[in-house]
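Note sheet for the following structure.
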Amino acid sequence: MFKAEVYSNRRNELRKHLDGGLALFPANNESPMNYPHNTYHYRQDSNFLYFFGLDQPGLMGVIDFESGEDYLFGDDLDLDDIIWMGQLPTMATLGGQVGIKNIEAKSKLPGYIQDALQKGRKVHYLPPYRHDTLLELTELIGMPYKEVGPGSSMALIKAVIALRSIKEIIEIEEISKAVDITWEMHTTAMKMAHPGIYEREIAGRIEGIAISHGTSVSFPIILSMDGQTLHNHHHGNILKEGRMMVTDAGAETVNHYAGDITRTVPVGGKFNQRQKEIYEIVLKAENWSIDNIKSGIQNRELHLGAAKIIAGGLKDLGLMKGDIDEAVAAGAHAMFFPHGLGHMMGLDVHDMEGLGEDNVGYNDAIKRSDQFGTAYLRLGKELQTGNVITVEPGIYFIPTLIDKWKSEGKFTEFINYDKAETYKDFGGIRIEDDVLVTETGYRVLGKPIPKTITDIEEIMKK
Ligand code: GLY
Ligand code: MN
């Protein structure tokens with residue numbers, strides 16, 4: 001946890017964005033796996049963490065935009081809790097850790113909200129993404145549950161996004177620490193990626209590294225020889241010579257800031273010619289995109305620039321043809337690069353996605369494209385100093401997509417389907433780093449993880 005002033009300052013900053021009423025910030029509850037007392041690893045809600053810092057269930061934070069007071073509703077542990085789970089600080093102590101002196105029992109919350117509603121005060125809340133939180137809000141606000149999500153406060157959503165998008169120095173340090181742990185995960189995966197090993201042995205080992213640092217992974221590990229499946233959580237293959245292994249994985253710090261890195265390596269540690277050729281194109285697109293990051297540039301411009309490098313490289317290999325600008329404008333590159341260049345990151349690996357991707361990544365000046373491929377770009381708008389984003393281009397050979405587009409005769413002027421057929425056994429390559437946007441440029445965060453062909457082959461030497 002950070003110092004108490006960090007949280008009071010954030011709540012005070014939020015006050016500047018809202019005219020009146022109050023805002024509810026529900027903590028996440030424990031989430032049962034197969035019966036109530038057998039729960040998944042606990043993860044606090046990121047907005048609660050941002051404004052109220054405490055990492056435990058059963059709490060409700062309230063910010064009153066008129067009185068200037070903040071409240072924490074929650075109960076001290078009873079004897080049973082202490083016997084099974086151990087001693088925890090009192091609510092008063094917890095409140096003190098995050099700069100809150102108004103502590104109330106959870107049983108007082110419904111009356112408090114009803115009182116505010118009866119006085120005609122606006123009760124702001126963010127869109128709930130867990131069903132138990134939805135039920136809690138339904139009861140507190142007294143609305144039909146289907147209206148609770150749509151009834152969330154756009155003013156609060158916009159204000160929270162404005163604050164959380166610009167990272168404080170302590171947050172940048174946290175993300176850098178997350179990448180440092182992630183370095184250990186990726187370098188371990190690289191050294192293990194030799195023929196004969198199950199993917200799950202590597203995935204299990206690197207998840208253990210994240211856990212051994214006191215937290216967990218920041219999202220379920222993506223690790224597969226079948227890297228053409230963008231989010232492949234199946235780890236059942238035995239690695240084979242001639243294939244490549246995509247690892248998209250990151251750790252969280254104890255304060256829950258995320259790392260999110262992707263590396264792709266040849267099984268056995270030596271790139272063959274075909275792998276080298278595709279890899280160099282993705283690396284060029286990644287380096288170009290990072291080098292062009294600066295405050296004020298639209299991330300969609302970087303995305304389309306990366307797409308042109310990918311299309312140009314594939315043209316050199318005979319997989320694409322025709323005019324590259326026209327091919328990218330038409331969306332033909334998306335058969336090979338069917339996702340966006342990146343997203344914001346912070347307390348969430350896709351930062352603030354629970355507040356609505358379009359609210360985070362787009363605005364009145366730039367709307368989301370509806371073209372296949374670019375439509376998946378989560379962040380299109382202008383970058384600002386203090387944003388932390390991922391840069392993660394890739395090239396994939398997805399047999400089902402190739403078959404579909406070929407059968408439809410789609411983009412035959414830009415795609416050489418005969419050549420694409422010969423890559424159907426290739427898989428995919430993605431390379432991803434986490435980058436801070438600065439006034440004049442960028443800073444790649446964390447300890448550098450091998451990504452040139454030379455550096456990867458070096459670390460993978462037995
Ligand atoms: N790391 C997974 C993703 O960015 O979607
Ligand atoms: Mn990512």
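None of these values were measured; they are calculated from a predicted model. Atoms within each ligand, like the ligands themselves, are counted from 1 in listed order. Numbers here simply count residues along the sequence, with the first being 1.
- Between atom CD1 of residue Ile293 and atom OG1 of residue Thr438 there is a gap of 9.5 Å, rounded to the nearest 0.5 Å.
- For atom 3 (C) of ligand 1, the closest non-hydrogen atom on the protein side is His350 NE2, 3.1 Å.
- When distances to the Mn ion (ligand 2) are checked against a cut-off of 2.8 Å, His350 contributes no N, O or S atom below that limit.
- Asn29 and Tyr42 are not linked by any side-chain donor-acceptor pair at a separation below 3.5 angstrom, with hydrogens and angles left out of the test.
- Glu174 and Thr253 share a side-chain donor-acceptor pair at under 3.5 Å.
- Only one option out of Arg274, Arg243, Lys240 pairs with Asp425 in a salt bridge (charged side-chain N to carboxylate O under 4.0 Å, His left out); it is Arg274.
- Restricting Asp260 to its N, O or S atoms, the one at the least distance from the Mn ion (ligand 2) is OD2.
- For ligand 1, the atoms lying closer than 4.0 Å to a non-hydrogen atom of His343 are 4 (O).
- Of the protein's heavy atoms, Asp248 OD2, 3.4 Å lies nearest to atom 2 (C) of ligand 1.
- The shell of residues lying under 4.0 angstrom from ligand 1, judged by heavy atoms, includes Asp260.
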Taking it one step at a time, do Phe337 and His339 satisfy ring pair (Phe, Tyr, Trp, His ring centres under 6.0 Å)? CA-CA 6 Å; Phe337 175 33; His339 64 75; 5.1 Å; yes

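- Taking backbone and side-chain atoms together, Asp248 has no N/O/S atom less than 2.8 Å away from the Mn ion (ligand 2).
- Judged by the shortest distance from any of its heavy atoms, His339 lies outside the 4.0 Å radius around the atoms of ligand 1.
- Nearest N/O/S atom of Glu392 relative to the Mn ion (ligand 2): this is OE2.
- Between Phe397 and Phe336, the ring centre distance stays below 6.0 Å.
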Can you check ring pair (Phe, Tyr, Trp, His ring centres under 6.0 Å) on Phe51 and Tyr7, steps first, answer last? CA-CA 5 Å; Phe51 293 107; Tyr7 304 103; 9.3 Å; no

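- Looking only at N/O/S atoms, Glu432 comes nearest to the Mn ion (ligand 2) through OE2.
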